Chemist: 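Starting off with a structure, shown below.
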Amino acid sequence: PRPPELSDDGIALRFAAEHVGDLLYVAPWSRWLAWDNGRWAEDTTLRATDEVRKVCRRAAASALTACEDPTKAKKVASAIASAKTVAAVHSLARVDRRLAGTDSQWDLDPMLLNTPGGTVDLKTGELRPHDRADYLRKRTTVAPADGEHCPRWLEALEQIFAGDSELIK
């Protein structure tokens, strides 16, 4: 059964639905991770808490329009927008399975190289778009360049691999 829409649990469910794929809570680390420009990064700016506050504000606004008694509506809206409700929603959202991360799911494939320009599959050399489901946290500082624009690198590979073109590809 679904909880009342404007209850702490109902608002937490709304928060989780809105942030699936953008935020994950890793309980063993007691940390939120946020999808940030092609990688999962620790939420050091309290983005998750800010997003909870936004959801609570919207819920409070809907309470104002849903209740016909203006005095009661203001009281309900104030309660929903309170620090107590924000803390409760934040706490409930952390245990929602849709936002649950584990401590062992990150950077598992050693053949994926995350760069600002995309993810390089080191088996094939293919550069592909970032994928949240790769669960990559680490990223290089530069994107790969077209082979024509890196003659020194190609020379180094030529020397290292003794001219074996199969290894250089």
Side-chain angles (χ1 to χ4, degrees), residues 8-61 80-81 83 85-161 164-169:
D8 296 348
D9 196 26
I11 298 168
L13 289 173
R14 183 188 307 181
F15 171 81
E18 290 179 13
H19 294 287
V20 168
D22 292 327
L23 292 169
L24 286 171
Y25 187 76
V26 182
W29 299 342
S30 299
R31 298 271 187 269
W32 284 97
L33 289 143
W35 181 252
D36 181 30
N37 295 321
R39 70 180 177 131
W40 289 98
E42 189 173 322
D43 177 18
T44 58
T45 64
L46 303 177
R47 173 182 164 193
T49 304
D50 186 51
E51 295 297 333
V52 167
R53 290 178 67 210
K54 290 175 186 175
V55 170
C56 287
R57 282 189 217 120
R58 287 195 307 272
I80 292 171
T85 299
V86 169
V89 169
H90 188 267
S91 181
L92 290 167
R94 293 183 337 185
V95 299
D96 191 298
R97 299 294 83 204
R98 295 171 292 176
L99 301 179
T102 68
D103 58 346
S104 61
Q105 74 189 76
W106 309 100
D107 301 304
L108 291 178
D109 190 340
M111 297 308 288
L112 294 180
L113 179 65
N114 196 15
T115 76
T119 302
V120 179
D121 182 331
L122 296 174
K123 291 178 209 160
T124 66
E126 173 193 4
L127 176 67
R128 59 177 172 77
H130 294 113
D131 185 347
R132 295 163 200 252
D134 289 334
Y135 297 108
L136 299 175
R137 293 186 63 208
K138 300 171 187 168
R139 181 175 58 203
T140 64
T141 56
V142 295
D146 184 331
E148 296 175 18
H149 297 102
C150 54
R152 284 188 179 186
W153 175 248
L154 293 175
E155 285 174 24
L157 290 178
E158 179 83 20
Q159 183 179 5
I160 291 166
F161 295 118
D164 188 335
S165 59
E166 286 300 310
L167 292 174
I168 296 172
K169 288 183 185 178

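None of the values given here were measured: they were computed from a predicted structure.
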Chemist: Please report the interatomic distance CZ(Phe15) to SG(Cys56), rounded to the nearest 0.5 Å.
Modeler: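 These two atoms lie 9.5 Å from each other.
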
Chemist: At their closest point, which heavy atom of Leu24 faces which heavy atom of Gly101, and how far apart are they?
Modeler: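 Nearest pair, atom of Leu24 first, then Gly101: CD2-N, 4.4 Å.
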
Chemist: Would you mind telling me which of Asp43, Thr49, Thr44, Val26 makes a side-chain contact (heavy atoms from CB on, under 4.5 Å) with Trp32?
Modeler: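 With Trp32 as partner, Asp43, Thr49, Thr44, Val26 yield a single side-chain contact (heavy atoms from CB on, under 4.5 Å), made by Asp43.
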
Chemist: Hey, could you give me the CG/CG distance between Leu113 and Leu122, rounded to the nearest 0.5 Å?
Modeler: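 One gets 5.5 Å once the value is rounded to the nearest 0.5 Å.
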
Chemist: Kindly give the heavy-atom pair with the smallest separation between Ala60 and Ile80, and that separation in Å.
Modeler: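 Closest pair (atom of Ala60, atom of Ile80, distance): N-CG2, 3.7 Å.
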
Chemist: Tell me if the CZ atom of Arg14 is crowded by more than 12 foreign heavy atoms within 6.0 Å.
Modeler: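 More than 12 within 6.0 Å, yes.
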
Chemist: May I ask you to say whether Glu51 pairs ionically with Lys54, meaning some side-chain N is under 4.0 Å from a carboxylate O?
Modeler: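 Salt bridge between Glu51 and Lys54, a charged N being under 4.0 Å from a carboxylate O: yes.
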
Chemist: Quick check against the 3.5 Å criterion: does Arg137 have a side-chain atom that pairs as donor or acceptor with the backbone of Tyr135?
Modeler: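 No; judged by distance alone, with no hydrogens or angles, the pair does not exist.
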
Chemist: Check the pair Arg58, Glu18 against salt bridge (charged side-chain N to carboxylate O under 4.0 Å, His left out), reporting the backbone distance first and the verdict last.
Modeler: CA-CA 12 Å; Arg58 287 195 307 272; Glu18 290 179 13; 2.4 Å; yes

Chemist: Answer yes or no: is there a donor N or O on one side and an acceptor on the other, between the side chain of Arg139 and the main chain of Asn37, under 3.5 Å?
Modeler: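 Flag set: sc Arg139 to bb Asn37 pair under 3.5 Å.
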
Chemist: For Asp8 versus Ala88, what's the shortest heavy-atom pair and its separation?
Modeler: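 Answer, listing the atom of Asp8 first, then Ala88: OD2-CB, 3.3 Å.
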
Chemist: Which pairs count as side-chain hydrogen bond (donor to acceptor under 3.5 Å, both in side chains) when at least one residue sits in residues 99-112, sequence neighbours excluded?
Modeler: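 Only Thr102-Gln105 qualify under side-chain hydrogen bond (donor to acceptor under 3.5 Å, both in side chains).
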
Chemist: Which heavy atom in Ala93 sits nearest to a heavy atom in Leu99, and how many Å separate them?
Modeler: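 Heavy-atom minimum between the residues: O-CD1, 3.8 Å.
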
Chemist: Show your working on side chain to side chain contact (heavy atoms under 4.5 Å, CB included) between Leu33 and Leu23 and close with a plain yes or no.
Modeler: CA-CA 6 Å; Leu33 289 143; Leu23 292 169; over 6 Å; no

Chemist: Does Arg98 come within less than 4.0 Å of Asp96, counting only side-chain N to carboxylate O?
Modeler: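 A salt bridge links Arg98 with Asp96.
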
Chemist: Which of these passes side-chain contact (heavy atoms from CB on, under 4.5 Å) with Arg53: Val86, Val89, Leu46, Thr85?
Modeler: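 Of the listed options, the one satisfying the test is Val86.
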
Chemist: Please name the pair of heavy atoms, one in Gly38 and one in Asn114, separated by the smallest distance, quoted to 0.1 Å.
Modeler: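 So the two residues come closest at O-ND2, 3.0 Å.
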
Chemist: Go through the steps to decide whether Thr115 and Leu127 satisfy the test side chain to side chain contact (heavy atoms under 4.5 Å, CB included), and finish with yes or no.
Modeler: CA-CA 9 Å; Thr115 76; Leu127 176 67; 4.3 Å; yes

Chemist: State whether Asp22 and Arg132 are salt-bridged, where the test is any N-O pair (Lys NZ or Arg NE/NH1/NH2 against Asp/Glu carboxylate O) under 4.0 Å.
Modeler: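 Salt bridge: yes.
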
Chemist: Between Pro116 and Ala143, what is the shortest heavy-atom contact and its length?
Modeler: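 In terms of heavy atoms, the two residues are closest at CD-N, 3.8 Å.
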
Chemist: By ring pair (Phe, Tyr, Trp, His ring centres under 6.0 Å), which residues pair with His130, not counting sequence neighbours?
Modeler: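 Result, ring pair (Phe, Tyr, Trp, His ring centres under 6.0 Å) vs His130: none returned.
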
Chemist: Does Arg128 come within less than 4.0 Å of Asp134, counting only side-chain N to carboxylate O?
Modeler: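 Yes.
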
